[in-house]
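Everything quoted here is computed from the prediction, not taken from an experiment. Values below: all heavy atoms of this structure, side chains included; hydrogens, waters and symmetry mates excluded.
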Amino acid sequence: MSESATQAEHRTVLLRGGEVHSPADPFATAMVVERGHIAWVGSEGAADAFASGVDEVLDLEGALVTPAFVDAHVHTTATGLALTGLDLTGASSLAEAAQRVRAYAADRPGDRILIGHGWDASRWPEQRPPRRDELDELTGGRPLYLTRVDVHSAVVTTALLDLVPGVRDRSGFQEAEPLTGDAHHAVRAAAYAAVSPEQRAEAQRAALRRAASLGIGTVHECAGPDISSEDDFTGFLKTAGDVPGPRVVGYWADTDVERALALGAAGAAGDLFADGSLGSHTACLHEPYADAAHSGVAHLDAAAVAAHVTACTEAGIQAGFHAIGDRAIGNVVEGVRAAAAALGLARVRAARHRVEHAEMLTPETVAAFAELGLTASVQPAFDAAWGGDTGMYAQRLGIERARTLNPYAALLRAGVPLAFGSDSPVTPLDPWGTVRAAAFHRTPEHRISVRAAFTAHTRGGWRAVGRDDAGVLVPGAPADYAVWRTGELVVQAPDDRVARWSTDPRSGTPGLPDLTPGNALPECLRTVVFGQTVYVRPNE
């Protein structure tokens, strides 16, 4: 939804009787919204002066008002298809997954292709994904595309392979293994091409509705030729502009910078693959995997990275790369540094180029991110799902290397800009859960305060697209906010000394919900984007 298209629809609204999370007034209980922007934040007594001059007064009844969340990494169509389609994320075994596949195929006799997501054999007692012959039997021989939870590999039926001539000759094809690499990309393209425009738009709208219901006001769509299609990307931008809902910033991960611009992308960025994923053994490492006799695959070397960063910087748009393994991240850093040497460091820093995921960092690459002005667009839910000494990371890398992953505290100490996201459908849209995952990281030295994590998931997402004037409730900022039902507001930090000082009234630190694991997460009552309500909780 564009700002200009909604100017005439805006009403002046006074919110009062709650808690307003604002650095402009740490004790604010009221806020005025006018013409899509925050007009005033202050105390309950001062709100009386505004009451007679507004179009609407909203009694918060003690609710908390915060900036709306920004999810900095989403695959919207895939998210919607997972919401409306075959979801295996909760399957506890291969046998249960098979039952779900059979039932879904029986329930959708008219679909020309079946699409599902979320299997994770590392969590199953059988420790293997379904075989192609098993899927052929479960689906009655129909085309099926079924992605692993990380979306970097997939199992498919023979009928889907038959739609992709030459797929067996592509890299990443092994007869008895999930598809990866070029073979996976080719099959994914065929699968999504078989989805009708109506199914696609339905999935996109479902994903945006879910995001709005969780207090998410902006999503960064990470599309590209190896992920979706041009029609999917442009169709989604149009859908998002036509219906009230979260803002959408679209990234197209393509080395063809002119093509990205022509498609309306904010950058030739997002999932431009420097490597793959740890779960699929395709992230590119310096040393071999602990459970495989290889080190993954590099899709871009430093020279290719440098060429892309140079082209994007000269075009005035962001470059960005998907990089997870330490070798892949090193290639990105080396390439960006080479571009900075050619163009000037200040010019490259000003472009705010991005690295998505950035999991396997070293002290040297953390320092390089800070030096080069790279934004770390990261997903704390990955640690919650796969971290710890017995998780998937430890299986793939061994405990010692696994404990180095996702070092958020080190990034913050170095001054690296953080933007939080979900990579949905890899992990679900869940902003408060994401903040909790960063604050209660499975490796204690990587934990950050709830306040820092919240900032990374609100203002950090705006900064990641070059906007420093948003993501915070202060006069003049866009009126993107959410209203929450929650318990007592507290200040949580990894260091108890910091927490004790921050809760002292003299510190003026506004509180946030208590996200201690086991506590209920806040409930979203209302989400507002540029002054327009895009979600109201039923019966509120």
Flag for T375-R354: side-chain donor and acceptor within less than 3.5 Å: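 Distance-only check fails for R354 and T375.
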Can you check whether [X] reaches [Y] side chain to side chain, under 4.5 Å on heavy atoms?
X	Y	value
V257	I317	yes
L144	V101	yes
V249	V219	no
V450	V435	yes
Y535	R526	no
F454	P67	yes
I216	L429	yes
L161	V164	no

Output the distance between atom [atom1] ([X]) and atom [atom2] ([Y]), rounded to the nearest 0.5 Å.
X	Y	atom1	atom2	value
H184	D226	NE2	CG	10.5 Å
Y251	L263	OH	CG	15.0 Å
L163	T158	CG	OG1	11.0 Å
I399	D389	CD1	CG	4.5 Å
L94	E126	CG	CD	4.5 Å
I227	R188	CD1	CZ	6.5 Å

E287: salt bridge (charged side-chain N to carboxylate O under 4.0 Å, His left out) partners, not counting sequence neighbours: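 Scan of E287 (salt bridge (charged side-chain N to carboxylate O under 4.0 Å, His left out), adjacent residues dropped) gives none.
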Nearest heavy atoms of [X] and [Y], plus distance in Å:
X	Y	value
P129	V155	CB-CG1, 4.2 Å
A105	L114	CB-CD1, 3.7 Å
T458	A68	CG2-O, 3.7 Å
A72	A419	CB-CB, 3.9 Å
D480	G217	OD2-O, 4.3 Å
S122	Q127	O-NE2, 3.0 Å

Neighbour count >12 (heavy atoms, 6.0 Å) for atom CD, E400: no
When you measure from the side chain of [X] to the backbone N and O of [Y], does any donor-acceptor pair fall under 3.5 Å?
X	Y	value
D430	G433	yes
Q318	A268	no
Q492	L515	yes
D71	G421	no
R210	G80	no

Derivation and outcome, side chain to side chain contact (heavy atoms under 4.5 Å, CB included), residues L160 and V187: CA-CA 7 Å; L160 181 54; V187 169; 3.5 Å; yes
Ring geometry between H308 and F321 (parallel below 30°, tilted from 30 to 60°, perpendicular above 60°):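 Rings of F321 and H308: perpendicular, over 60°.
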Enumerate donor-acceptor pairs with a distance under 3.5 Å from any side-chain N or O in residues 192-206 to protein atoms, sequence neighbours excluded.
residue : atom : partner : partner atom : Å
S196    : OG   : Q199    : N            : 3.0
S196    : OG   : Q199    : OE1          : 3.3
Q199    : OE1  : S196    : N            : 3.0
Q204    : NE2  : T77     : OG1          : 3.0

Sequence-distant partners of R485, side-chain hydrogen bond (donor to acceptor under 3.5 Å, both in side chains), two or more places apart: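 Partners of R485 by the side-chain hydrogen bond (donor to acceptor under 3.5 Å, both in side chains) criterion, ordered by chain and then number, come out as E523, E540.
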Contacts of H353 that satisfy ring pair (Phe, Tyr, Trp, His ring centres under 6.0 Å) - sequence neighbours left out: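 Expected list: none.
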Sequence-distant partners of W484, ring pair (Phe, Tyr, Trp, His ring centres under 6.0 Å), two or more places apart: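 F69, W432.
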What pairs meet the salt bridge (Lys or Arg N to Asp or Glu O under 4.0 Å) rule with one or both residues in [range], with sequence neighbours excluded?
range	answer
residues 82-92	none
residues 250-267	E230-R259
residues 88-104	E96-R100, R102-E137

Pairs satisfying ring-ring contact (aromatic ring centres under 6.0 Å, His included), at least one member in residues 113-139, at least two apart: none
Worked verdict on T76 versus T79 for side chain to side chain donor-acceptor pair (under 3.5 Å): CA-CA 5 Å; T76 309; T79 296; 5.9 Å; no
Side-chain ion pair, D136 and R142, N-O less than 4.0 Å: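 R142 and D136: not salt-bridged.
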Check residues 165-177 and write down every donor-acceptor pair under 3.5 Å in which the side-chain atom is one partner and the other belongs to a residue at least two apart or another chain.
residue : atom : partner : partner atom : Å
S171    : OG   : D182    : OD2          : 3.2
E175    : OE2  : R132    : NH1          : 2.7

Derivation and outcome, side chain to side chain contact (heavy atoms under 4.5 Å, CB included), residues L418 and H457: CA-CA 8 Å; L418 290 182; H457 216 345; over 6 Å; no
Qualifying side chain to side chain donor-acceptor pair (under 3.5 Å) pairs with a residue from residues 439-448, counting only residues at least two apart or across chains: D383-H441
Chi angles and distances behind the side chain to side chain contact (heavy atoms under 4.5 Å, CB included) call for Y393, R403: CA-CA 9 Å; Y393 290 153; R403 286 176 178 171; over 6 Å; no
Show me the donor-acceptor pairs within less than 3.5 Å that the side chains of residues 270-283 make with the rest of the protein, sequence neighbours left out.
residue : atom : partner : partner atom : Å
D271    : OD1  : H322    : ND1          : 3.1
D271    : OD1  : H357    : NE2          : 3.3
D271    : OD2  : H73     : NE2          : 3.0
D271    : OD2  : H75     : NE2          : 3.0
D275    : OD1  : I324    : N            : 3.1
D275    : OD2  : C284    : N            : 2.9
D275    : OD2  : I324    : N            : 3.4
D275    : OD2  : G325    : N            : 2.8
S277    : OG   : D150    : OD2          : 2.4
S277    : OG   : S280    : N            : 3.2
S280    : OG   : D150    : OD1          : 3.3
S280    : OG   : D150    : OD2          : 3.0
S280    : OG   : S153    : OG           : 2.9
H281    : NE2  : D291    : OD1          : 2.9
H281    : NE2  : D291    : OD2          : 3.3
H281    : NE2  : R396    : NE           : 3.3
T282    : OG1  : S277    : N            : 2.8
T282    : OG1  : S277    : O            : 3.4

